[in-house]
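Throughout, numbering of the chain's residues begins at 1 and tracks the sequence. Because only heavy atoms are used, hydrogens play no part in the values below, and waters and symmetry mates are left out as well, while side chains stay in.
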Amino acid sequence: ERISHVHVNFLDGSLHAPALHDVRGRLGATVDLLRAAGFDGSWTVEFVQGVLTDDDRPELLVRRAAEDLRVLREVVG
């Protein structure tokens, strides 16, 4: 069987998530690696910058999630 879905999750050891535009190169390399291994499934953003911080408020997190989704769509094509 194959993996059918990927949650894009860049939480570090302190449980902080960077904006995807800040890790775009690493994200792209990971996408390329998974596709080279035959992955052809779906993608979602699991955590966004601001989770578990003073900025953990819906109005900020939704805006950041939309920005991350734009980057994810650009990277996965």
Side-chain angles (χ1 to χ4, degrees):
E1 291 187 38
R2 293 191 174 262
I3 296 170
S4 62
H5 184 78
V6 171
H7 289 282
V8 176
N9 176 347
F10 280 95
L11 286 179
D12 63 19
S14 301
L15 298 179
H16 293 111
L20 286 187
H21 65 80
D22 291 338
V23 293
R24 185 185 185 107
R26 189 170 147 210
L27 173 62
T30 302
V31 168
D32 290 346
L33 176 68
L34 290 171
R35 286 197 167 148
F39 178 74
D40 189 29
S42 57
W43 304 80
T44 59
V45 176
E46 186 171 357
F47 295 103
V48 298
Q49 185 180 39
V51 171
L52 301 175
T53 71
D54 291 339
D55 290 337
D56 196 340
R57 300 188 314 273
E59 65 274 12
L60 294 174
L61 297 180
V62 169
R63 185 177 334 128
R64 289 181 179 146
E67 292 167 3
D68 281 357
L69 182 57
R70 180 186 51 76
V71 172
L72 179 60
R73 284 180 172 157
E74 289 172 3
V75 171
V76 301

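The list of salt bridge (Lys or Arg N to Asp or Glu O under 4.0 Å) pairs with a residue in residues 66-77, not counting sequence neighbours, reads Arg24-Glu74, Arg70-Glu74. Pairs passing the salt bridge (Lys or Arg N to Asp or Glu O under 4.0 Å) check and including a residue from residues 29-47, sequence neighbours excluded, do not occur. Among pairs with a residue in residues 10-43, those fulfilling ring pair (Phe, Tyr, Trp, His ring centres under 6.0 Å) read Phe39-Trp43, at least two apart in sequence or across chains.
Between Arg57 and Asp55, some side-chain heavy-atom pair lies under the 4.5 Å cut-off.
Heavy atoms only, all atoms of each residue included: Val31 and Val76 are closest at CG2-CG1, 3.9 Å. Residues Gln49 and Pro18 approach most closely at CB-C, 4.0 Å, considering heavy atoms.
Partners of Thr30 according to the side chain to side chain donor-acceptor pair (under 3.5 Å) rule, which considers only residues two or more places apart in sequence or in another chain, do not exist here. Among residues two or more places apart in sequence or in another chain, the side chain to side chain contact (heavy atoms under 4.5 Å, CB included) test is passed with Leu11 by Asn9, Leu15, Ala17, Phe47. Among residues two or more places apart in sequence or in another chain, the side chain to side chain donor-acceptor pair (under 3.5 Å) test is passed with Ser4 by none. For His7, the side chain to side chain donor-acceptor pair (under 3.5 Å) partners two or more places apart in sequence, or in a different chain, are Thr44.
Residue Val23 is grouped with residue Leu52 when hydrophobic side chains (ILVMFWY) are merged at heavy-atom distances under 4.5 angstrom, including chains of intermediate members. Side-chain heavy atoms closer than 4.5 Å link hydrophobic residues (I, L, V, M, F, W, Y) into clusters, and following such links, possibly through other members, connects Leu34 to Leu27. Residues Val48 and Val62 do not share a hydrophobic cluster, defined by chaining ILVMFWY side chains whose heavy atoms lie under 4.5 Å apart.
Annotation: the span from Leu20 atom CG to Arg26 atom CZ amounts to 10.5 Å, rounded to 0.5 Å.
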